[in-house]
Every structure is written in C-alpha cells, then in structure tokens.
A.B. asks: 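Here's a structure for you.
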Amino acid sequence: MYDLLVVGAGPYGLSVAAHAAAAGLTLRVFGRPMASWRDNMPGGMFLKSEPWASNLSDPEGRLRLDAYCATRGVTARHGEPIPVEMFADYGLWFARHAVPAVDERTVTRIAARPGGFEAVTADGETVRARTVALAVGVMPFVEIPAPLRGLSPALVSHSSHHGDLDRFRGRDVTVIGGGQAALETAALLAEQGSRVRVLARAERLSWNDVPPAWERPWWQSARTPHSGLGCGWRNWFYAERPGLYRLLPEPTRARIAGTALGPAGAWWVRDRVEGSVEVRLDHEVTAARAVSGGVRLEMAGAESFETEHVIAATGFRATRDRLTLLSGELRGSLATVPDGSPAVGRDFESSRPGLFLAGLVTAAGFGPAMRFVYGAAFTAGTLVRGVRRRLHTGVPVGAIPAPAPDRLGAAQTVRH
C-alpha cells in the first residue's frame with residue numbers, strides 16, 4: 001500500500017507529487033501530464049499570468065518556468081506573455097525532472113477502504129493507498145448556461161472543449177462570455193476567418209491594464225505591490241496569504257469569490273478584439289433551440305438571431321456533486337460549504353480523513369489563488385505536510401469523523 005496516490009497530473013498534481021517525492025513518501029501518480037493544457041486550448045493562446053507567476057513547485061524552487069525557457073533559448077520576461085504550448089512543454093519537463101514516473105492511465109473510481117483508499121484504473125487494475133490527493137483540474141467542472149444544456153455538442157460546446165478551432169473556419173460562431181477565454185477565443189476565430197460575435201451579460205467589457213515595470217520606485221511598489229494575481233494589496237493578500245484568507249468569515253469569503261478577479265481580458269488581446277469582433281453587451285441568452293443550419297438564440301430584451309455554433313466561455317463550477325470519480329458513498333460523505341464545493345481544512349484535507357483536494361475545488365476555502373497556477377506552490381507544500389501528519393496520527397484514514405470545527409472551520413459554514 002502506497003503512502004499517497006496523486007490523481008491528476010496538471011500543475012497542481014505535479015507540484016504535489018514533487019513535494020511528496022522529496023519528502024520520501026511512497027507514491028503513485030496517475031494522469032496524462034498537462035492534459036488540459038495540451039488538448040483543450042487552441043494553438044495561438046497565451047498565458048494570462050506573468051511568467052514569474054506561472055511556476056510549478058518543487059521544494060528547492062529550481063524547476064521554474066524561466067529555467068525551462070532558458071533551455072529553449074528563450075528569456076521569460078515580465079510583461080511578455082508565454083505561449084500556452086510552451087507552458088505545456090514546461091510541465092512535461094518538470095514532470096521528467098521532479099516526479100516519479102507518471103502512469104498515464106485514467107483512474108475511473110476511488111472508494112474508501114479500511115486503512116485507506118482504493119483506486120481502479122480504466123483497464124481494471126486496483127491500487128491501494130493510505131491517502132489520496134485529488135488534483136483533477138477544471139475539466140470535471142465545466143459550466144454551460146442552462147438554456148444551452150439540452151442542445152447537441154455539434155451545436156453548443158464549451159471553450160475548454162477545443163484543442164483547435166479549425167472546424168469553424170468560414171462559419172458563423174457566437175461566443176458567450178466576457179472574460180479572457182471568451183475574448184481570446186473570439187480573437188482567434190476572427191483571425192482565421194470565422195464570422196464571430198461575443199455576447200456578454202455585462203454592460204461593458206473589462207480589460208486588465210498593462211503591468212507596471214518590475215523595477216519601480218520604492219513608493220510605487222509600496223502603494224501597489226506586484227503579486228502573482230496582479231498589482232495591489234488585495235491581490236497580494238489573495239496570492240501570498242491563502243492560509244490567512246481561509247480564516248476570514250464565510251460570508252466574506254463568499255463575497256470575494258463572487259467579485260474578486262472577475263471576467264476581464266488581458267491587455268494584449270484588446271487590440272485583437274476591438275474593431276475585429278462584434279461585441280453585444282447587456283445580452284443574456286434566455287432560450288435556445290436547434291434550427292436548420294444551427295441554433296436560434298432568444299435574448300432578454302433583444303432580438304433573437306441564428307448562428308451555426310455557440311461556444312460557451314462561461315467558466316467552471318467546482319461542486320462536490322461533480323466529483324463523479326469518487327464513489328457515491330465517499331462523495332456523499334464529504335462536508336460542503338454553501339457554494340456546494342467540498343469543505344477543506346487548513347492542510348487541504350477534506351472531511352474524510354486521508355482524502356486531500358487541490359486546485360479550483362478549494363477556491364472557496366483558500367481564495368482566488370486556487371484558480372491559477374500560482375496557487376500550486378502554497379497548495380503543494382501545505383498539502384504534503386498535511387499528508388505526513390495524517391500518516392502519523394492515530395485517526396484511521398478513510399474513516400468518517402465527526403465534524404471538527406478546528407479543521408473544517410466554523411460549524412455553521414459546513415453542511416452535509
């Protein structure tokens with residue numbers, strides 16, 4: 001039986017595995033490394049985060065993105081976005097240097113067993129481990145607006161479902177959303193000759209500012225410090241102090257989750273959208289139906305129209321019920337917070353001892369940093385320390401405990 005099973009091989013899973021291997025834990029890692037970055041983002045996309053804020057995490061901090069770029073003869077500079085393809089290759093390089101061999105088979109089911117957990121692979125092999133770190137990324141949590149959910153994938157897709165956009169050359173496409181995914185997807189479609197429009201509920205688009213220079217007068221840095229989530233003291237707190245963020249009252253965390261770092265386009269995509277892409281603001285789809293040649297979209301307070309395909313760039317909703325990889329008994333035993341995501345303690349352990357969570361699914365507890373690669377460093381170090389503590393405690397892993405306020409937070413913020 002292994003000490004730890006890591007399920008997922010994206011930035012969070014690989015970072016957790018690197019820290020676990022360095023800590024001497026017996027370890028298995030499952031997942032196709034950087035799969036969503038390699039398969040679910042069209043060529044020509046760039047990282048929105050700064051290169052220095054996009055490092056995967058190893059304990060010694062040697063395997064940074066800039067170190068990989070140097071091996072390719074490229075200098076990673078502040079204010080110069082990195083192509084997604086290069087970032088995906090960086091993740092593969094990191095895996096080769098920091099992580100035990102990754103088993104690329106898919107884990108189809110995880111269940112609690114006496115003394116730990118059991119994982120079953122797609123080809124039927126069973127693997128046992130005392131603890132599990134679930135780092136499944138964003139793909140299980142794809143969110144498509146309710147009016148579009150009943151339509152065929154041939155007519156409606158999510159922005160994360162496309163490794164390329166070639167099938168839409170010369171076609172009429174409507175992109176729904178006002179954030180980076182929507183705006184960059186629309187720009188790429190327009191640049192390849194698609195007829196494209198963006199529908200956004202907001203009354204205006206938001207654009208991130210060009211980042212200030214890395215070297216600045218001290219008084220400018222003191223007023224608006226750089227952070228992995230952008231400039232300013234609020235962003236610095238979200239990025240650099242997720243452990244303290246977790247101690248905020250639940251209503252405050254809920255408000256921040258709904259407002260902080262909302263939909264916005266990167267500064268470098270703005271010129272590619274304005275003047276090239278039709279943008280319809282204050283538009284919300286209320287109904288949709290298949291028609292000959294495409295989809296008819298009904299709007300609140302606006303005329304309906306037809307389009308050949310709809311791409312919903314409408315983000316992700318990380319709820320417990322979407323963790324279908326977990327057995328029904330295990331999934332149902334997890335305590336949740338009001339937004340439906342699993343509750344996690346100070347070291348990312350769920351209410352089920354021995355089951356740890358990483359990435360987007362922990363954003364309700366640890367803040368906006370968990371929505372970005374930048375959060376992987378805090379997560380990896382903290383989570384592995386929690387695994388080591390769990391392995392040395394007398395509480396049986398896999399058991400169902402009584403809720404513990406000091407581990408899950410205030411009792412009133414947790415529900416079953």
Side-chain angles (χ1 to χ4, degrees), residues 7-8 10-13 15-16 36-37 47-49 53-54 56-57 133-143 158-160 177 179-181 227-230 232 234-264 313-323 325-326 331 334-351 355-383 386 407-410 413-415:
V7 180
Y12 280 79
S15 296
V16 168
S36 63
W37 298 88
L47 285 184
K48 190 179 183 184
S49 299
S54 304
L56 278 65
S57 178
L134 204 60
V136 293
V138 300
M139 294 307 294
F141 308 120
V142 163
E143 181 72 4
H158 193 268
S159 56
S160 65
Q180 175 68 9
S227 84
L229 302 184
R234 286 188 181 182
N235 288 340
W236 182 92
F237 176 72
Y238 303 150
E240 308 302 333
R241 295 295 183 268
L244 291 179
Y245 178 95
R246 179 184 161 273
L247 301 179
L248 295 173
E250 192 281 327
T252 301
R253 285 188 278 117
R255 175 179 54 78
I256 292 171
T259 58
L261 302 174
T314 43
F316 306 88
R317 185 167 173 260
T319 61
R320 177 190 65 181
D321 293 342
R322 295 183 179 186
L323 290 172
L325 175 64
L326 303 179
R331 185 171 65 251
L334 299 181
T336 62
V337 294
D339 72 352
S341 62
V344 288
R346 64 182 182 183
D347 48 17
F348 293 91
E349 190 174 22
S350 71
S351 61
L355 177 62
F356 293 78
L357 305 174
L360 176 67
V361 73
T362 70
F366 286 91
M370 303 302 120
R371 291 157 38 193
F372 299 89
V373 174
Y374 194 74
F378 175 84
T379 298
T382 305
L383 187 152
R407 189 164 57 83
L408 294 176
T413 69
V414 180
R415 59 182 173 87

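FYI, the numbering just counts along the sequence from 1.
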A.B. asks: Name all residues meeting the side chain to side chain contact (heavy atoms under 4.5 Å, CB included) criterion together with A264; count only those two or more places apart in sequence or in a different chain, and write none if there are none.
C.D. replies: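 A264 satisfies side chain to side chain contact (heavy atoms under 4.5 Å, CB included) with K48, S206, N208 once adjacent residues are dropped.
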A.B. asks: Who are the side-chain hydrogen bond (donor to acceptor under 3.5 Å, both in side chains) partners of R331, not counting sequence neighbours?
C.D. replies: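 Here no residue qualifies.
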A.B. asks: Measuring from L357:CG to F366:CZ, what's the distance to the nearest 0.5 Å?
C.D. replies: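 Output value for this atom pair is 10.5 Å.
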A.B. asks: About how many Å separate CZ of R317 and CG of L360, when rounded to the nearest 0.5 Å?
C.D. replies: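 Here the rounded value is 11.5 Å.
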A.B. asks: Report the residues that fulfil side chain to side chain contact (heavy atoms under 4.5 Å, CB included) with A364, sequence neighbours left out, ordered by chain and then residue number.
C.D. replies: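 Listed in chain order: V337, D339, S341.
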A.B. asks: Hey, are the side chains of W236 and L229 touching, using non-hydrogen atoms and a 4.5 Å cut-off?
C.D. replies: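 Not touching, per the 4.5 Å side-chain cut-off.
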A.B. asks: What heavy-atom pair brings M370 and P242 nearest, and what distance separates the two atoms?
C.D. replies: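 Closest heavy-atom pair between M370 and P242: CE-CB, 4.0 Å.
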A.B. asks: L326 versus L355: any side-chain heavy-atom pair under 4.5 Å?
C.D. replies: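 Yes, at least one pair of side-chain atoms sits under 4.5 Å.
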A.B. asks: Could you tell me whether the side chain of T362 reaches within less than 4.5 Å of the side chain of F348, counting heavy atoms only?
C.D. replies: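 The answer is yes; the side chains approach within 4.5 Å.
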A.B. asks: Which heavy atom of A369 sits nearest to which heavy atom of A239, and what is that distance?
C.D. replies: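 What the structure gives for the nearest pair is CB-CA, 4.2 Å.
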A.B. asks: Are W37 and P11 packed together at the side-chain level, in the sense that at least one heavy-atom pair is separated by less than 4.5 angstrom?
C.D. replies: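 Contact flag for W37/P11 side chains = yes.
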A.B. asks: Hey, could you give me the CG/CZ distance between L134 and F356, rounded to the nearest 0.5 Å?
C.D. replies: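 Atom-to-atom, L134:CG and F356:CZ are 12.5 Å apart.
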A.B. asks: Please check: side-chain N/O of R320 versus main-chain N/O of A335, any donor-acceptor pairing under 3.5 Å?
C.D. replies: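 No; judged by distance alone, with no hydrogens or angles, the pair does not exist.
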A.B. asks: Tell me, please, which residues at least two apart from A358 pass side chain to side chain contact (heavy atoms under 4.5 Å, CB included).
C.D. replies: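 If we apply the side chain to side chain contact (heavy atoms under 4.5 Å, CB included) test to A358, skipping adjacent residues, the hits are Y12, A135, T379, L383.
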A.B. asks: Measuring only between side-chain heavy atoms, which start at C-beta, is V138 closer than 4.5 Å to S160?
C.D. replies: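 With C-beta onward as the side chain, the pair stays apart.
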A.B. asks: How long is the gap from OH on Y374 to CG on L56, to the nearest 0.5 Å?
C.D. replies: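 If I round to the nearest 0.5 Å, the distance is 13.5 Å.
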A.B. asks: In Å, rounded to the nearest 0.5 Å, how long is the span from CG of D321 to OG1 of T336?
C.D. replies: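 OG1 of T336 is found 8.5 Å from CG of D321.
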A.B. asks: Is S49 close to V373 at the side-chain level, that is, under 4.5 Å between some pair of heavy atoms?
C.D. replies: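 V373 vs S49: side chains apart.
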A.B. asks: Would you say that I256 contacts L248 through its side chain, given a criterion of any heavy-atom pair below 4.5 Å between the two side chains?
C.D. replies: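 Yes, side chains in contact.
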A.B. asks: For F316, enumerate each residue passing the ring-ring contact (aromatic ring centres under 6.0 Å, His included) test, keeping only those at least two apart in sequence or located in another chain.
C.D. replies: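 Only H158 meet the ring-ring contact (aromatic ring centres under 6.0 Å, His included) criterion with F316.
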A.B. asks: Just jot down the side chain to side chain contact (heavy atoms under 4.5 Å, CB included) partners of P263, sequence neighbours excluded, or say none.
C.D. replies: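 P263: no side chain to side chain contact (heavy atoms under 4.5 Å, CB included) contacts found.
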A.B. asks: Does R322 come within less than 4.0 Å of E143, counting only side-chain N to carboxylate O?
C.D. replies: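 The answer is yes: the pair qualifies as a salt bridge.
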A.B. asks: The criterion is side-chain hydrogen bond (donor to acceptor under 3.5 Å, both in side chains); which residues satisfy it with Y238, sequence neighbours excluded?
C.D. replies: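 Counting only residues at least two positions away or on another chain, Y238 forms no side-chain hydrogen bond (donor to acceptor under 3.5 Å, both in side chains).
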A.B. asks: For a quick test of reading the model, state the closest non-hydrogen atom pair linking A318 to V361 and the distance between them.
C.D. replies: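 In this case the closest contact between A318 and V361 is CB-CA, 3.7 Å.
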A.B. asks: Can you measure from CD (E240) to CZ (F378) and round to the nearest 0.5 angstrom?
C.D. replies: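 Here the interatomic distance stands at 11.0 Å.
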A.B. asks: Going by the rule salt bridge (charged side-chain N to carboxylate O under 4.0 Å, His left out), which residues pair with R371 if we only count those two or more places apart in sequence or in a different chain?
C.D. replies: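 For R371 there are no salt bridge (charged side-chain N to carboxylate O under 4.0 Å, His left out) partners, ignoring immediate neighbours.
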A.B. asks: Between A313 and A181, what is the shortest heavy-atom contact and its length?
C.D. replies: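 Minimum heavy-atom contact is CB-C, 4.0 Å.
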A.B. asks: Side chain to side chain contact (heavy atoms under 4.5 Å, CB included) between L323 and F141: does it pass, once the steps are laid out?
C.D. replies: CA-CA 8 Å; L323 290 172; F141 308 120; 3.6 Å; yes
